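Heads up: numbering here begins at 1 and tracks the sequence. Quantities reported herein were computed from a predicted structural model and do not represent experimental measurements.
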Amino acid sequence: MNRSCVAALALLSFLLLDVPLAPAQARRPAYHPTAIQQPAFRTAVQGVTASQLKDYLAFVASDEMEGRETPSRGLDATARFIATLLSRWGVKPGGADGGYFQPIDLAKQTLATDALEVSVGKRTLAYGRDYLAMATAGEVSAGLVFAGDGWFVKSKGLDAYAGIDPKGKIVVLTQGGFPAGIKNMGALGKRGEDWMDPMSYAQRKGAVAIVMLPSLLAQTNADRVAQMRRRFEDGQAWPEKLPREGGGGPMGASTLPTVFLMASGAQALFAGEKVDAATILQSFPAGTAVKPFELSAQKQVRIVVRTAVEHTASQNVVGIVEGSDPALKAEYVAFGAHYDHEGTRPGESDAVLNGADDDGSGTVALLAMAEALQKAPRKPRRSAIFVWHMGEEKGLWGSAYFTAFPTVPIDRIVAQLNIDMIGRSRPAGDTDPRNKDLSGPNEVYVIGSRLMSSELGAISDAVNASYGKLSYNFRYDDPKDPERFFYRSDHIHYARKGIPIIFYFTGVHADYHGPDDEVSKIDFAKYEKITRTIFATFWEIAERAARPAVDKPLAADAQ
């Protein structure tokens with residue numbers, strides 16, 4: 001599952017949704033499922049087994065896959081594994097040119113560390129000691145304005161540039177999170193109109209470069225600084241056909257040259273100004289922010305950032321099992337999961353981030369259901385399209401790409417069932433606060449099932465009541481929930497295309513994005529039960545004469 005970070009360029013935005021449902025509220029089924037009573041379904045669903053899931057997951061989450069970074073040889077090997085199994089089972093290729101892969105060209109900017117320059121007047125700063133730089137190329141000489149945290153929030157009266165003009169200047173920003181007292185920007189309106197993140201706002205206001213000031217706490221964490229330096233020097237990749245807009249993390253993103261000043265660099269920058277570096281660096285994130293101001297007109301800063309562009313490629317993996325109805329098989333129920341993860345952390349004793357739960361569990365659930373469906377004695381009326389998305393951890397790349405360049409008509413997809421982390425349970429007696437939101441042995445979070453389609457929600461509830469009998473927890477259906485899970489996985493791009501979605505998730509845990517997210521931690525009995533219930537929900541949707549009606553479309557400003 002994707003999480004925000006300053007340097008990630010994530011295609012995320014915040015949506016205004018319907019009135020929230022009560023957490024973990026039991027729902028009275030308003031629909032009576034009949035398709036899951038069919039012998040064909042009863043036979044097919046038995047093909048989804050804990051042993052099957054364990055076998056496939058042992059490969060996908062093995063050390064040999066090297067954490068499935070996007071792009072990487074481990075991710076490519078996983079894609080080949082998926083495609084090979086689909087081919088052996090006779091699943092129809094759904095990618096490009098008659099194959100299982102949907103190629104995605106990536107452009108990666110890498111930082112040319114031997115061609116960097118940051119100077120304040122006649123003093124040249126030292127890379128690695130006084131500053132770090134992001135891989136966004138540019139050459140700038142200009143004056144400066146200090147704009148505090150850089151936020152614009154209309155409803156709160158926040159405007160970092162009230163009284164100052166950053167046009168043609170370098171903007172200096174403090175690096176932090178959301179403004180004080182705000183946890184969910186989505187509740188405040190439309191991004192780009194009602195609120196803007198600091199980096200995007202600086203670019204909108206005409207700034208020519210950005211200087212970020214990390215907090216003193218961040219600067220004194222040597223491991224964190226080293227990780228940030230590696231991330232910047234490794235550069236930023238992006239799918240070449242996708243717009244590079246929006247931004248991941250509270251700070252957002254821009255295409256302006258951007259440097260991060262350490263304390264020594266900040267001292268040089270603010271020398272002789274009305275507020276010194278120590279005062280500014282000590283003013284956040286404690287809440288005693290220094291008001292924005294223009295620096296001395298005589299002070300000029302030169303920033304030169306040079307990059308090299310590397311071209312590489314990755315892929316979504318797509319398979320189709322055709323339906324049995326001559327007319328309805330032209331419509332699809334989509335299954336989705338992301339098969340990438342976070343790669344490795346060199347230098348650590350356990351360097352591989354295996355991602356067994358995130359999202360090996362979803363990846364393998366799709367494999368299990370594709371195998372069961374292909375081997376079913378009779379297929380349901382509609383077709384199934386299985387999409388393994390790449391690059392979710394980078395910013396939902398694969399789903400953004402597939403919905404922008406679908407391999408089947410996007411308006412023929414009647415629903416999308418997204419699976420991201422369904423393999424874990426909170427152990428009895430577990431007091432680790434990092435596991436406090438992990439679901440119980442018979443529990444799963446169900447997100448978005450009624451947010452666009454009342455019919456889809458009713459089907460989902462009724463199938464579970466009749467078949468799975470899981471404890472469905474609707475806590476994260478709340479659009480005001482600060483975790484924003486509705487926005488953090490691949491289903492969001494399908495929802496933006498008007499496709500009703502259901503997102504299945506068992507909760508964040510202590511091993512999230514860490515080296516201990518391994519196969520040994522998976523609750524395979526629960527994992528099997530959830531996967532079978534999702535398969536049952538698919539079968540019911542696929543057999544219905546009419547597609548689930550969208551009676552609560554997303555607001556126009558959420559598109």
Salt bridge or not for [X] and [Y], using N-O below 4.0 Å?
| X | Y | answer |
| --- | --- | --- |
| R434 | D511 | no |
| K154 | D159 | no |
| E342 | R68 | no |

Taking the side chain as everything from C-beta on, heavy atoms only, tell me whether [X] gets closer than 4.5 Å to [Y].
| X | Y | answer |
| --- | --- | --- |
| R306 | D114 | no |
| S215 | Q175 | no |
| Y339 | Q315 | yes |
| S141 | V301 | no |
| F486 | I501 | yes |
| L125 | L261 | yes |
| S314 | L106 | yes |
| M65 | R73 | no |

Query raised in the report: For L353 and R345, what are the C-alpha separation, side-chain angles and deciding distance, and is it a side chain to side chain contact (heavy atoms under 4.5 Å, CB included)?
Result: CA-CA 7 Å; L353 304 175; R345 291 180 184 166; 3.7 Å; yes
Expected output: side-chain [X] to main-chain [Y] donor-acceptor under 3.5 Å:
| X | Y | answer |
| --- | --- | --- |
| T220 | L216 | yes |
| T258 | L256 | yes |
| S296 | Q298 | yes |
| S399 | L396 | yes |
| N316 | G398 | yes |
| W388 | T363 | yes |
| K394 | A237 | no |
| T78 | V60 | no |

Donor-acceptor list for residues 117-124 side chains, cut-off 3.5 Å, not counting sequence neighbours:
residue, atom, partner, partner atom, Å
E117, OE1, R302, NE, 3.4
E117, OE2, R302, NE, 3.3

Report task. Any salt bridge (charged side-chain N to carboxylate O under 4.0 Å, His left out) involving residues 258-283? Give me the pairs, sequence neighbours left out, ordered by first then second residue. Result ->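 The answer is E273-K299.
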Would you please name every residue forming a side-chain hydrogen bond (donor to acceptor under 3.5 Å, both in side chains) with [X], sequence neighbours left out?
| X | result |
| --- | --- |
| T312 | none |
| Q416 | none |
| D350 | none |
| S72 | none |

Once salt bridge (charged side-chain N to carboxylate O under 4.0 Å, His left out) is applied, do any residues pair with [X], and if so which ones, sequence neighbours excluded?
| X | value |
| --- | --- |
| E233 | R229 |
| K241 | none |
| R426 | none |
| R230 | none |

Answer yes if the side chains of [X] and [Y] hold a donor-acceptor pair under 3.5 Å, and no otherwise.
| X | Y | answer |
| --- | --- | --- |
| N435 | D430 | yes |
| E393 | H513 | yes |
| D420 | H338 | yes |
| T174 | D149 | no |

Least distance between heavy atoms, [X] atom then [Y] atom:
| X | Y | value |
| --- | --- | --- |
| A160 | A147 | CB-O, 3.4 Å |
| A137 | P257 | O-CD, 4.1 Å |
| G391 | T70 | N-OG1, 3.2 Å |
| L242 | A404 | CD2-CB, 4.3 Å |
| V446 | F474 | O-CD2, 3.6 Å |
| H389 | D340 | O-OD1, 3.8 Å |

Query raised in the report: Angle class for the F146/F293 ring planes (parallel below 30°, perpendicular above 60°, tilted otherwise)?
Result: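 It falls in the tilted class, 30° to 60°.
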Report task. Applying side chain to side chain contact (heavy atoms under 4.5 Å, CB included), run through D477 and F485 and close with a yes or a no. Result -> CA-CA 9 Å; D477 260 349; F485 285 122; over 6 Å; no
Query raised in the report: If you measure from CG on L111 to OG1 on T307, what distance do you get to the nearest 0.5 Å?
Result: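 L111 atom CG to T307 atom OG1 measures 8.0 Å (nearest 0.5 Å).
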Query raised in the report: Say you draw a straight line from CG of N354 to NZ of K521; how long is it, rounded to the nearest 0.5 Å?
Result: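 Here the rounded value is 10.5 Å.
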Requested in this report: Write out all pairs satisfying ring-ring contact (aromatic ring centres under 6.0 Å, His included) with one or both partners inside residues 154-175, taking only residues at least two apart or from two chains.
Outcome: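 Non-adjacent pairs meeting ring-ring contact (aromatic ring centres under 6.0 Å, His included): Y161-Y201.
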**Report entry** Name of the residue among Y504, Y487, Y445 meeting ring pair (Phe, Tyr, Trp, His ring centres under 6.0 Å) with Y476
**Finding:**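 With Y476 as partner, ring pair (Phe, Tyr, Trp, His ring centres under 6.0 Å) holds for just one option, Y445.
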Ring centroid separation for [X] and [Y], is it under 6.0 angstrom?
| X | Y | result |
| --- | --- | --- |
| F503 | F505 | yes |
| F402 | H493 | no |
| F232 | F260 | yes |

Query raised in the report: Are H311 and D105 close enough, and set up right, to give a side-chain hydrogen bond (donor to acceptor under 3.5 Å, both in side chains), and what steps lead you there?
Result: CA-CA 7 Å; H311 294 276; D105 293 327; over 6 Å; no
Query raised in the report: Are H509 and D357 close enough, and set up right, to give a side-chain hydrogen bond (donor to acceptor under 3.5 Å, both in side chains), and what steps lead you there?
Result: CA-CA 10 Å; H509 45 73; D357 189 30; 2.9 Å; yes
Report task. Only counting residues at least two apart or in another chain, list the ones meeting ring pair (Phe, Tyr, Trp, His ring centres under 6.0 Å) with Y401. Result ->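 F405.
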Requested in this report: Test Q109 against T136 for side-chain hydrogen bond (donor to acceptor under 3.5 Å, both in side chains), laying out the working first.
Outcome: CA-CA 7 Å; Q109 286 187 309; T136 47; over 6 Å; no
